[in-house]
**Student:** 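The structure under discussion is supplied below as C-alpha cells; questions concerning it will follow.
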Amino acid sequence: MNTQERMSRLLWRKSILALAVVILASCFGDAEAQRIAKVPSKRYTGPGTTPNLRNIVVGRCYHYMSLYPATGVKDCNRIWQELTDAVFRKDPCNITEEDYQKLAQVTEQTIPCDKSLLWSRTNDLVHRYTKATESFMTLEDTFLGFLFNGLMWCGRTAGPGMNYNACPAWNECANNSRSSFWKMASATFAKASCGTVNVMLNGSTDGAIARKESILRTVEIPSMNPNTVSNVKLWVIDDIEGQDKNSCNSESLLELQQYIEEHNLTYSCIDNYKPVTALQCVENPNHHACNQCSIL
Ligand code: APR
C-alpha cells in the first residue's frame with residue numbers, strides 16, 4: 001500500500017468515526033430531549049402561558065410605537081429576548097424583580113410630569129377614565145404595562161420555552177414570574193413619575209382604602225422620589241351605585257396620609273373628583289346622581 005492509499009484509508013476511517021459520533025450525539029440529544037419532555041412539570045394552580053405570547057407582545061410593541069411616536073424606536077424582538085432570558089430554564093416560583101432589569105432597560109420611557117395616575121381597587125374605572133380622557137397615564141398605559149397587560153407567562157426548569165399548561169397563581173409563591181414582573185414594572189413607573197402623582201381610590205369598598213399588601217403601598221409609594229414628586233394627590237371616588245364608605249377624612253385615608261408622609265412625600269386628597277364623576281354620568285346618564293345640579 002503506497003502512502004497515498006494509506007492516507008486516503010486513514011481519511012475514510014476518520015470520516016466514518018466522525019459520522020458515528022454525530023449519529024450517537026444526535027441519538028443521545030433526542031433521548032435527552034424526550035426525557036425532559038416526559039418529566040412532568042410541577043403543577044401550578046394558575047392558567048398557563050397565554051397562547052401566541054410572542055406574537056402578541058411583539059405586535060403590541062409595534063402597535064404602541066405607531067400610536068405614540070414619542071416612545072421612539074424600540075427593538076421589539078430584543079424585548080421578547082429579554083423576557084425569555086428572564087424566565088427560560090428557571091423555576092417560575094424563583095423569578096425576582098432583578099431578573100427583569102434588562103427588560104426594564106430596553107422598554108425605558110420618559111413619563112411626563114403630572115400625568116401619572118396610580119390606583120388601588122379601581123382597576124375598571126381608572127382605565128375607562130384614561131381611555132376616555134387621555135389626560136393621565138396609568139402603568140397599563142405605559143409602554144411596558146401595555147405590552148404585558150392581561151397576559152400570563154412562565155418558563156420551565158426542564159428546558160427553554162414557556163409552560164403553556166399552568167403557571168403559579170398571583171399568591172402561590174412570593175417570587176413568581178408574574179407578580180415579580182408587575183412589582184418591577186410598578187417600581188419603575190413610580191420612580192419615573194414626577195410633579196403631582198395622582199391616585200384613584202375606591203370610596204365604596206369595605207375595609208382599607210388600599211390593602212396593606214397592595215402594590216400601591218408596598219411598591220409604588222416607597223419607590224417615589226421626594227425630590228421629583230411634589231405632591232401625591234388621592235382621588236376618593238364612590239361608585240355611582242355604591243355607598244360612600246370612605247372619604248378624605250375617613251380613618252383609612254388618614255392612615256394612608258400618614259404612610260405617605262412617612263416617605264417624605266406631600267399629600268393632598270379630593271373626594272369625587274369631578275372629571276371622573278362626569279365620566280360615570282356619561283355612562284349612566286339617567287342616574288339620579290347625574291342630574292345637572294348635582295354634578296355642576
Ligand atoms: N391576587 C391576584 N391579583 C393581584 C393580587 C392578588 N393578591 N394583588 C395584586 N394583584 C394584581 C391583580 O392584577 C389586580 O387586579 O394587582 C391588581 C390590583 O390590585 P389592587 O388591590 O386593586 O391594587 P394594587 O395592589 O395597589 O395594585 C394597583 O399597582 O399595577 C400597579 O400602577 C398600578 O397603581 C396601580 C397598583
Side-chain angles (χ1 to χ4, degrees), residues 44-47 49-50 92-93 95 97 100 103-104 107 109 111-112 114-131 136-154 166-225 229 231-239 242 245-246 252-253 255-257 259-260 263 265 267 269 273 276:
Y44 299 110
T45 59
T49 299
T50 308
C93 276
I95 307 290
E97 289 178 51
Y100 287 116
L103 181 60
T107 53
Q109 177 185 29
I111 307 296
D114 307 321
K115 296 292 179 196
S116 296
L117 178 53
L118 311 182
W119 55 272
S120 219
R121 309 181 82 174
T122 52
N123 194 349
D124 272 2
L125 181 63
V126 77
H127 294 112
R128 293 205 306 278
Y129 180 70
T130 55
K131 205 170 175 188
F136 293 98
M137 203 178 201
T138 66
L139 170 62
E140 295 73 19
D141 300 313
T142 65
F143 182 47
L144 184 59
F146 181 90
L147 290 180
F148 294 100
N149 192 21
L151 304 179
M152 187 66 150
W153 66 89
C154 64
C167 291
W170 187 275
N171 278 333
E172 195 165 340
C173 42
N175 291 321
N176 69 69
S177 39
R178 188 164 65 130
S179 63
S180 293
F181 169 83
W182 286 108
K183 284 178 194 159
M184 173 283 291
S186 301
T188 306
F189 182 45
K191 275 183 203 147
S193 294
C194 50
T196 295
V197 174
N198 303 280
V199 185
M200 191 191 286
L201 301 169
N202 190 338
S204 296
T205 51
D206 287 317
I209 195 83
R211 297 173 299 124
K212 280 266 185 290
E213 67 282 7
S214 64
I215 290 183
L216 176 69
R217 288 182 69 111
T218 59
V219 177
E220 293 179 325
I221 292 172
S223 298
M224 280 186 244
N225 180 350
V229 173
N231 182 25
V232 179
K233 183 175 175 183
L234 307 184
W235 310 350
V236 184
I237 312 287
D238 297 329
D239 292 343
K245 292 191 175 162
N246 269 303
S252 180
L253 263 295
E255 192 276 327
L256 185 57
Q257 168 181 5
Y259 183 74
I260 291 170
H263 288 85
L265 296 159
Y267 158 102
C269 183
Y273 179 56
V276 182

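Computed from a prediction, not measured in an experiment: that's the story for all the values here. Each ligand, and each atom within it, is numbered from 1 in the order the structure gives.
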**Student:** Taking only heavy atoms of the protein into account, state which residues are under 4.0 angstrom from an atom of ligand 1, in chain and number order.
**Tutor:**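 Heavy-atom contacts below 4.0 Å: L118, W119, S120, R121, N123, L139, E140, W170, N171, S186, R211, S214, I215, L216, E220.
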**Student:** For residues F136 and W235, establish whether the separation of their ring centroids is below 6.0 Å.
**Tutor:**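 Between W235 and F136, which both carry aromatic rings, the centre distance is below 6.0 Å.
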**Student:** Quick check: does any side chain N or O of S177 sit under 3.5 Å from a backbone N or O of I95, one acting as donor and the other as acceptor?
**Tutor:**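 It does not hold such a pair.
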**Student:** May I ask you to decide if L151's main-chain N or O and T50's side chain share a donor-acceptor pair within less than 3.5 Å?
**Tutor:**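 No.
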**Student:** Is it true that a side-chain atom of N149 and a backbone atom of F146 form a donor plus acceptor pair closer than 3.5 Å?
**Tutor:**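 Answer holds: no.
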**Student:** Can any side-chain N or O of Q109 pair as donor or acceptor with the backbone N or O of L144 at less than 3.5 Å?
**Tutor:**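 Side chain of Q109 to backbone of L144: no pair is present.
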**Student:** Do NZ/NE/NH1/NH2 and the carboxylate oxygens of E255 and R217 come within less than 4.0 Å?
**Tutor:**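 Yes, E255 and R217 are salt-bridged.
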